[in-house]
> 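Here it is, the structure, as structure tokens.
Counting convention: from 1, in listed order, for ligands and their atoms alike.
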Amino acid sequence: MSRSAARTETFVHGIAGVALGQESRGVAKQEPPPLPPNAELSVIGKSVPRFGGRDLVTGAARFTVDIKLPGMLFARVLRSPRPHARIVSIDTGAAGRHPGVRAVHVLSEFAGAAAGASKRGAARALPTARYVGAAIAAIAATTRSAADEALALIKIEYEPLPFVVDMDEARQPDAPQVFAAEAAPKRAAPPQARSANILGPSTASFFGGPRGDIEKGFAAADVIVEGEYRTQVQTHCCLEPHAVVADWQPDGLTVYISTQDTIGVRDELAAAFGLPHNCVRVITEFMGGGFGSKLSADDYGEMAVALSRQAAAPVALIFDRSEEQEASGNRPATWQRLRIGARRDGTLTAISLLSYGTAGVEVGAGVGNVAQAMYDCPNFETAQYDVFTNAAPACAMRAPGNVQGAFAVEQAVDELAEKLGLDPLALRDRIDPSPARRAERRIGAERFGWQRRRPAGTATGPLKRGIGVAQAFWPGIVQTDSACEVRIARGGWVELRSSVQDIGGGIRTLLAQVVAEELGLRAEDVAVRIGDTDFPPGPSSGGSKTAGSITPAARKAAFAVKQKLFAAAAPTLGARAGDLAMSQGRIFSQAGPSRSIAFKEAAGLLKTSVISATATRGDNYGGFRVQSPMDIAREDLGGVQFAEVAVDTETGIVRVERVTAVHDCGRPINPRQIESQIHGGIIMGLSFALFEERLLDRHTGHMVNADLEQYKLAGSRETPAIDVVILENYQAISATDACGIGEPATIATAAAVANAAYNATGTRMRSLPMTPAAVLAALGRVPAAPFRA
Ligand code: MOS
């Protein structure tokens with residue numbers, strides 16, 4: 001780990017936007033003006049210690065798994081042991097008679113089978129379990145072990161069906177069908193193509209559909225690179241498991257849950273149980289990561305609520321580690337064929353991407369954003385197919401699709417540079433329209449020592465070192481409907497309230513910094529109360545949109561409540577409210593700064609015990625430029641990562657020795673927290689590149705490594721030295737100009753490691769993970785094992 005704090009560098013490209021006046025940015029008069037660069041601010045842009053950090057390291061922080069309510073019951077879930085089976089009958093009688101059991105719930109889709117023998121014989125109507133780990137029923141009991149005992153008493157009669165867990169096999173015309181035609185997921189269009197398990201193709205991404213003329217583009221190319229790439233299934237492994245405590249009371253439902261979206265969970269559960277929204281309260285105080293796997297209440301949330309209602313007692317449902325890996329979601333496996341054509345000078349003429357991916361019984365295995373939108377290329381086409389398998393559903397996972405897409409695109413660009421005899425950075429300078437990434441390449445190359453790079457495959461001896469580079473592409477997404485309230489009390493305290501949750505990125509600290517900056521206070525003067533749907537509705541924390549969505553609302557609310565405070569203080573200062581300003585804990589008149597009063601004194605002048613203002617983020621200044629299903633605040637959040645690896649060509653072991661990461665996320669609010677996110681992104685990315693892989697037994701459909709012993713995650717010994725530079729990229733698009741970093745931080749890593757491994761060995765690693773066996777096979781030292789996804 002790097003011991004020094006992250007460096008920040010100011011990026012001049014965007015400064016022009018900041019210098020523009022309020023009116024020319026489309027900022028309404030009643031809103032705060034665009035902020036000057038961080039160097040002129042006192043709290044924003046400083047590495048204020050993380051709010052709650054002490055609680056986290058001392059164990060005082062209360063996570064969902066720590067919630068204990070009087071009379072609380074413990075739930076366990078019965079999951080399908082079969083990859084594909086009709087469920088003929090479910091008998092819960094004996095389980096219900098277990099002395100510890102207080103409630104038994106069968107999922108609604110299987111409730112017919114629980115109704116008894118009358119349904120027998122009606123094969124068409126029988127519910128079907130489609131993967132090992134699919135939830136069927138749940139039990140709440142006085143202890144966890146009683147619940148487990150009772151689960152074992154549930155009798156289920158299965159009628160096994162043929163199944164397929166391998167993506168390549170599922171694509172074959174005679175493959176077992178995962179879905180009968182009428183049962184395919186509702187979101188999906190009718191399956192077409194050769195196998196009923198194949199859905200698609202999708203020919204578009206966030207950034208639109210095909211463009212130009214692909215045939216003409218390739219005809220105009222002097223050089224074409226073409227390659228096939230494969231990536232494996234990476235399972236979610238949040239530090240805190242999926243957990244919920246549901247407390248159904250006559251006057252309403254309270255749900256403690258480890259979630260990335262308190263408001264979304266409230267709305268989901270309210271709809272599922274027919275409750276008005278104001279009768280459902282969702283609370284997430286501290287959270288140990290989500291990475292895309294905790295954006296919904298899912299079936300486990302509904303099970304906990306149903307059990308609580310039935311038992312008239314609070315119910316805790318906490319996944320164990322095997323449930324985490326088998327049933328909490330994953331990153332889909334992919335097969336990609338990527339072709340890129342270019343002229344001698346490097347100008348791109350055509351990009352064509354064909355992909356198949358499997359999200360198990362779900363859809364959403366597309367990978368096209370990076371190929372479509374990172375580089376300038378007039379001709380582009382893509383066809384991306386989803387393949388159904390009898391495997392647990394994938395879900396969003398830190399930069400969904402982009403990690404896999406970048407793995408292919410960034411290696412192809414590396415290959416193209418070599419064919420053209422260009423330095424990979426020089427080629428990117430020609431084809432990458434992003435001025436931020438141009439600056440990042442320059443800064444990173446210098447800090448990393450890129451000039452020491454030698455031609456690929458020239459390292460001598462069995463231990464070969466090499467260096468490589470890759471880039472990140474992520475759309476800067478925001479949620480305009482993101483609100484918070486800022487309150488000032490006569491006692492002189494300041495408090496911010498929003499339902500927004502801290503999923504681990506440290507949004508509490510950012511909110512305090514933004515409010516403190518606006519009010520001329522210190523961050524620690526602001527109490528931050530979040531993660532509770534009784535507060536104004538904040539954003540979900542998916543798509544790296546938390547900071548970009550809620551910090552502008554915080555500044556707007558602080559600005560608005562400040563005007564009320566000025567009105568109260570103006571008579572005492574003998575000034576007009578409009579002339580007042582706040583800094584360093586004092587209020588003074590800009591007309592005659594000699595007179596001032598302390599903030600606490602001003603608060604004491606309030607006529608009511610509390611004043612408050614609530615604000616919503618709203619649109620970007622000047623609106624959004626990209627037509628997209630999402631509000632894309634910036635077309636491009638960047639990042640460039642340089643990696644040095646050592647490949648032991650005798651053992652096949654790849655070690656990532658050091659990484660230099662240069663990233664931008666608009667206005668950096670808290671450099672240390674951003675650095676922490678970048679560390680996490682890199683560790684997760686190299687863990688994906690080298691170690692992690694879900695292994696399904698094709699004869700039983702079971703995951704054979706559903707634990708943290710056989711499923712290898714990068715640990716401290718595999719963590720390289722990480723050098724972080726944060727580029728201040730000002731564009732004056734919102735009241736804070738902040739953007740997210742969580743996802744961009746992990747997109748480039750696997751590709752950078754693969755490019756470095758190529759530089760070391762002269763052999764392309766087009767398949768992940770780069771385990772010792774895979775590396776030895778790529779080097780031609782042992783036969784290749786078949787790829788299984
Ligand atoms: Mo993210 S993968 O949208 O939490």
> Do you know which of D261, T284, T262 makes side chain to side chain donor-acceptor pair (under 3.5 Å) with Q501?
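When side chain to side chain donor-acceptor pair (under 3.5 Å) is applied between Q501 and each of D261, T284, T262, only T262 qualifies.
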> Got the residues with a heavy atom under 4.0 Å of ligand 1, by chain and number?
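Within 4.0 Å of ligand 1, the protein residues are Q260, F291, G292, A396, M397, R398, P400, S541, G542, G543, E743.
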> If you measure from the Lys or Arg side-chain nitrogens to the Asp or Glu carboxylate oxygens, is any gap between E728 and R667 under 4.0 Å?
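No, this pair does not count.
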> Does this structure show an ion pair linking E718 with K712, if we count only N-O contacts that are shorter than 4.0 Å?
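Here E718 pairs with K712 in a salt bridge, since their nearest N and O are under 4.0 Å apart.
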> Please enumerate all residues that pass side-chain hydrogen bond (donor to acceptor under 3.5 Å, both in side chains) together with R497, with sequence neighbours excluded.
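Counting only residues at least two positions away or on another chain, R497 forms a side-chain hydrogen bond (donor to acceptor under 3.5 Å, both in side chains) with E495.
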> Applying side-chain hydrogen bond (donor to acceptor under 3.5 Å, both in side chains), name anything that partners H236, two or more places apart in sequence or on another chain.
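With sequence neighbours excluded, H236 shows a side-chain hydrogen bond (donor to acceptor under 3.5 Å, both in side chains) to no residue whatsoever.
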> Taking only residues two or more places apart in sequence, or in another chain, which ones meet S687 in a side-chain hydrogen bond (donor to acceptor under 3.5 Å, both in side chains)?
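Result, side-chain hydrogen bond (donor to acceptor under 3.5 Å, both in side chains) vs S687: E692.
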